[in-house]
Amino acid sequence: MKSVRTRFAPSPTGFLHIGGARTALFSWAFARHHGGDFILRIEDTDVARSMLAAVQVILDGMAWLDLAHDEGPFYQMQRMDRYKAVIRQMLADGAAYHCYTSKEELEALRAEQEARHEKPRYDGRWRPEAGKTLPPIPPGAPPVVRFKNPRDGIVAWDDRVKGRIEFANAELDDLIIARADGTPTYNFCVVVDDWDMGISHVIRGDDHVNNTPRQINILKALGAEIPTYAHLSMILGDDGTKLSKRHGAVSVMQYDEDGFLPEAVINYLARLGWSHGDDELFSREQLVAWFDLDHITASAAQFNTEKLLWLNQHYMKALPPADLAARVESRLAARGVVTANGPDLARAAALYVDRCNTLKALADALEGFYVGSAAAPELLAQHLSADALPALADFVAGLADVAWETPAIAALIKETLAKHNLKMPKLAMPLRVILTGQAQAPSVDALVAMMGRERAISLLKKHL
Ligand code: GLU
């Protein structure tokens with residue numbers, strides 16, 4: 001098999017959104033699976049809408065997802081000379097021609113066609129044909145360049161996702177490949193790039209299906225090999241409508257902001273339209289080992305936020321505690337929260353990860369330990385009753401010399417409850433409220449252990 005070369009070719013007109021990230025992932029995984037090359041190409045010819053900042057956002061998103069490219073980034077704006085050279089060659093070969101039809105003439109043509117209930121299309125008036133006399137060249141009006149699309153037959157390809165797709169050539173206009181000012185047009189740049197970059201597999205969104213027949217015809221005219229195409233079906237939002245900004249986090253970096261791990265997002269995106277049996281959880285290495293085009297579904301994939309959250313928590317729990325702590329720490333630091341003078345962050349994170357499905361939620365849950373937020377008086381009043389005070393005092397005294405580990409602290413709690421003939425919540429609830437400022441907290445023995453001896457004793461003593 002010819003070596004696999006795939007590309008991701010975003011237009012920097014916004015950020016790297018979830019759909020784009022999935023296209024990038026599939027292209028990357030397919031190249032990696034075959035030991036091929038993954039190329040990054042920035043399609044920035046739409047100058048007005050392309051922004052430098054948007055390029056950086058795409059690069060940041062790719063870096064965050066750790067989708068490293070082997071070649072590029074190539075910028076189309078830097079390849080203008082090459083496109084123009086190919087256009088000159090096509091003109092010389094008769095594969096393209098100058099067209100002087102003015103805007104007014106095109107509008108008149110369109111109006112006539114619409115009046116006849118025909119599809120508006122260029123009528124080929126400047127297309128050179130054997131024995132045809134072309135109109136006289138109007139003075140002072142620079143021409144556009146049109147591609148001489150075949151008139152008859154069909155253009156077809158076996159799409160690796162959608163199956164065989166055919167277009168009748170008669171349906172395709174002679175596409176403008178260079179504007180009057182000489183700048184090449186979108187479909188043409190894509191063709192030259194895919195050709196020059198030796199792209200073997202074009203994996204992209206199915207919003208490009210209508211461009212493919214035009215691109216194939218131009219590739220054929222250039223004598224280029226036709227890549228294999230795989231057009232990915234769109235992604236629907238949780239509610240079954242087209243994924244849009246309404247669905248909240250559309251930029252990949254927003255997921256970072258919201259506390260998702262790139263590992264989880266990668267795993268999640270891989271399953272958006274591709275499957276490996278019933279496997280839901282897999283590593284990056286497994287994805288690379290398993291990824292193929294045969295198991296991409298032709299139907300639209302539906303986004304499922306609950307599932308993403310579940311995966312995210314799974315990956316958070318799977319992190320070594322020190323790694324989880326480091327990721328939460330940078331979030332807390334960004335909020336100006338210093339963790340040096342509070343409970344050990346790795347222990348605290350390990351204890352709270354069961355109740356938090358994002359890093360953001362985990363940082364929210366832990367922040368209070370480091371900013372010393374005190375329990376609201378009404379919460380204390382509700383949970384710390386007068387009859388529990390002697391038990392609390394005994395417990396605090398016992399903390400001074402108990403072995404500092406969860407089972408020993410659990411035993412001390414039991415002992416204290418028995419001695420005072422109290423039920424668990426009588427002591428556990430005030431402990432939770434005093435130590436965390438909240439009534440909802442993890443198991444109280446582990447919580448006391450996590451706080452550390454001195455800190456636990458001093459916090460509790462304030463309420464005796
Ligand atoms: N630049 C196009 C886009 O962002 C992709 C072109 C392609 O993959 O062929 O939608």
Side-chain angles (χ1 to χ4, degrees), residues 4-31 36-62 65 67 69 71-80 83 155 157 159-162 165 167 175 177 183-219 222 224-235 242-245 250-252 269 273 293 296:
V4 166
R5 289 172 63 82
T6 63
R7 86 299 198 276
F8 176 51
S11 307
T13 47
F15 28 57
L16 179 60
H17 55 80
I18 272 300
R22 184 200 44 179
T23 302
L25 174 64
F26 283 18
S27 303
W28 173 87
F30 188 68
D37 292 312
F38 173 57
I39 292 147
L40 179 60
R41 177 165 93 217
I42 306 291
E43 303 204 323
D44 57 351
T45 52
D46 191 352
V47 199
R49 287 167 63 213
S50 301
M51 300 166 293
L52 214 59
V55 172
Q56 194 53 48
V57 172
I58 290 168
L59 298 178
D60 290 348
M62 298 288 284
L65 292 169
L67 299 178
H69 48 271
E71 291 173 30
F74 296 109
Y75 294 86
Q76 289 187 325
M77 281 307 270
Q78 295 171 8
R79 290 177 41 76
M80 286 295 151
Y83 306 136
V155 47
W157 74 96
D159 196 275
R160 290 297 305 272
V161 177
K162 297 185 178 288
I165 300 182
F167 284 79
L175 186 75
I177 57 175
T183 55
T185 56
Y186 169 74
N187 274 294
F188 183 73
C189 299
V190 171
V191 163
V192 176
D193 287 350
D194 285 343
W195 180 34
D196 283 355
M197 296 169 194
I199 301 302
S200 65
H201 294 76
V202 171
I203 301 170
R204 63 184 172 197
D206 68 0
D207 46 331
H208 290 282
V209 164
N210 286 330
N211 290 327
T212 307
R214 301 176 183 287
Q215 295 180 4
I216 289 177
N217 280 341
I218 301 173
L219 284 164
L222 292 169
E225 240 179 276
I226 311 301
T228 300
Y229 291 92
H231 287 95
L232 308 176
S233 298
M234 67 164 118
I235 302 174
K242 191 170 183 293
L243 194 65
S244 70
K245 286 186 187 147
V250 281
S251 156
V252 163
L269 286 178
L293 301 178
I296 296 178

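Remember, it's 1-based here, ligands and their atoms both numbered in the order they're listed.
Between Ser233 and Lys162, the closest side-chain pair of non-hydrogen atoms falls below 4.5 Å. Leu175 is listed as a side-chain neighbour of Asn187, based on a closest heavy-atom distance under 4.5 Å.
A side-chain donor-acceptor contact under 3.5 Å links Ser200 to the backbone of Arg5.
Between the side chains of Arg204 and His231, a donor-acceptor pair is found at a separation under 3.5 Å.
Each of Arg7, Ala9, Pro10, Ser11, Glu43, Tyr186, Val190, Arg204, His208 has a non-hydrogen atom positioned under 4.0 Å from some atom of ligand 1.
Ring geometry, Phe188 versus Tyr83: the interplanar angle exceeds 60°, so the pair is classed perpendicular (tilted spans 30 to 60°).
Within the cation-pi definition used here (under 6.0 Å to the ring centroid, within 45° of the axis), Arg79 does not qualify as a partner of Tyr75.
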